[in-house]
Amino acid sequence: MSDLIAIAFSAFILQNIILTQFLGICPFIGVSTKRSSALGMGFAVIFVMLISSSITWLLYHYVLVEFDITYLRTIVFILVIAALVQMVETFLKKASPSLYKALGIYLPLITTNCAIIGVALLNISNEYNFVQMVVYTMFIGLGFLFVIYIFSMMREKLDHAPVPKAFKGAPIALIVAAILAIIFTRFGGLIEWIS
Amino acid sequence: MTKKENFLKGIFKENPLFVALLGMCPSLAVTTSVENALGMTIAVVFVMVLSNFLISLIMSNEKLAALVKPVRIPVYIVVIATLVTIVEMLMHAYLISLYKSLGIFIPLIVVNCIILGRAEAFAAENKPTDSIIDGLGMALGFGVAILIVSIFREFLGTGLLTIWGDLQFDLNFIFDFLRISPLGMFTQPAGAFISLGFILAIIAAVSAKRQEKQINQVKGVKANV
Amino acid sequence: MKNNNGLISGLVLLSLGLICGLLLAFVNELTVERIEAEELRLKFDAIEEFYDIANYDLEEIVLENGTIYVLKSQSNSEIEHLVYSFRAKGYGEDVEMLVAVNKDLSVEGYTVTYQNESPGIGTKIVGNDFNYNQADDVSTFDSIGGATVSSNAVKAIFTEVSERAQSDFNGGLYDDEPIDEPNELEITVDDFYDSDLFDIEEVEIEQGTIYILRQDNQIEHLVYVISTPGYHDQIEMFVAVNKDLSVEDYIVSYSNENEGYGTKIVDRDFNYSVANDLSTFDSISGATVSSDAVRHIFSIIAERTEDDFGGGLDD
């Protein structure tokens, strides 16, 4: 149990996918201009990430390893994710139009979101078992949602701030992200405090 | 568009990182040393030139293109993923320390938007030779961009510039002269964001100046008339 | 028509996938050996910091939380050094260290091979002197102030080493390996002598059984079946001794020792030829516990065999 808590905590804060692992930067900068879109993207990522990580984990351990073709993992993972995103999109459209309305437009962007395949690959290289994998993926996803949501609130304020002309847009967003990153790495002190 | 223009646009006018803001993940993650950035550049050049070439080869054959059209995105993905895996295996075999330090970012070249973007926007509609030139230009443009970021970060963070293996320049005398020590923060995640933010701002400032000049020139010409 | 097109497109995609798969298999075939060699070289480079690998026979033992590299002397295959590569939970991720220990349990050195600790604080563990000099003694450990978690990870690794170093050098190294099926042989007196020629009597003693082989009421041979604790389980041996105290033969009938080490006692010539003379006994280096068990069996026999032939058994 304690190892699961450690995995969850470090996935959420210490190894925060955006601020320390640099995965999913494109949506982080691109879709974070409004709070509502940040929330939509965050939930869409958690949703797809959980399904895709589970499927790729099972495929890797029960097919690729079994047949000794682990070198095909990149190609298999990306195809699985692309197909999955398509399927989720069609399914949501039919089954839950309201959810589709909320998440739908973010789904196509997710195929090329390196966070999804990145986490699928990290689950393998970290040698997690299935339960650890689910916990890790869940908290990585929550970490993504958390950071992109606070970031969107900051950016809404930034629109009204007197930012130097050259810094407008991406540059100031990156510098704000840097400040967030400093805060997040220092949160690590909590671990010292807990133990 | 001449071949030279085609090549140079990737490096300056349409630089994928500095102008189009594509491929930000690797440019933040692998720029802790110049060596890592160089290694990433090599991998991206290999994948991009070959993927552009192969995809334009497939798409310039009319019969094949008609068949591929409805499934073209998966086809691109398969081609790119194959090339990425080949690069990954070759690096693992021949450049193992680089392979270890780039880690997960080698397979992640697969989802680098630059490569898929160029396949769809350029290679699918142009001749193979032009596509190779475009791929080379774009990949080198990306390479130059991450090299700049990495020089910025490694110098400020450690006072060193690691070019390749043991080839390393020690520039700490500059810090000694200024009586400060290197700013370790620049090798950390926060430093990555700050570096890229400042570099983008500098580029924005420079290009704004240039535009102003051009507008003034145009105005001047008009006034003369 | 449209459906048909979809099918053909699917086939195109499938065949492309197949081509790519085959291409990758081919490249994999070309590189796989070199990759393995390079991975090994990378590991050995770290060990080379402490010892010159070329001078030793190297063996790798993979455990749950790390690997032990065994450096054996090339001349007598005794364990000279052990290099532990262990991991422990650090601040961000696992910390991985190499700890090199000599035969006399002095610590040759240690180095951090992987860490992702917080820069400036936890990263101090790299190259730090933790004052850890004797493998079985972590009490001298100096932690780094302000980097408790990272220091604790290092200490956890040292503690793990300290707990097992001593027994590893004494042959316990293979304890974590799955214990194989015991070596069990159906041995009877017939394996030594033709039982039809003798009257056979069975005498129970404290440590086992003695078969007395008599001809015309004279004791001709004694077959001792003695059992004594070995490494994991009892070791049972049949030892046949002739009237002139020469040892006819001995067979290990039951043992369950460490694979590759203690199992050497089966079919081994211990150079034990005179029943009451143990001075010629050859033990197996690296399998001290198992050899000692065998020696113990022989010594039980050596102590009593003369007396047994002399009529001591009738009492």
NZ (Lys100(B)) and CD (Glu38(C)) are apart, to the nearest 0.5 Å, by 10.5 Å
Honestly, the part of Lys69(B) sitting under 4.5 Å from a heavy atom of chain C is neither
Using atom types as modelled and distance alone, determine if a side-chain donor or acceptor of Ser9(C) lies under 3.5 Å from a backbone N or O of Pro70(B). no
CG (Leu16(C)) and CD1 (Ile77(B)) are apart, to the nearest 0.5 Å, by 12.0 Å
Margin query: Between Ile96(B) and Arg41(C), does the side chain to side chain contact (heavy atoms under 4.5 Å, CB included) criterion hold? Intermediate values first, please.
Written below: CA-CA 10 Å; Ile96(B) 191 156; Arg41(C) 188 182 61 79; 3.8 Å; yes
Rounded to the nearest 0.5 angstrom, the OG1-CE distance for Thr31(C) and Met91(B) is 13.5 Å
Looking only at Leu23(C), Leu30(C), Leu13(C), Val12(C), the option with the highest number of non-hydrogen pairs under 4.5 Å against chain B is Leu13(C)
Result for side chain to side chain contact (heavy atoms under 4.5 Å, CB included) between Cys20(C) and one of Thr85(B), Thr82(B), Ile86(B) points to Thr82(B)
- Task: Decide yes or no for His92(B) and Glu39(C): does some side-chain heavy atom of the first lie under 4.5 Å from some side-chain heavy atom of the second?
- Result: yes
Neighbour count above 12 (heavy atom, 6.0 Å) for Phe152(B) CZ
yes
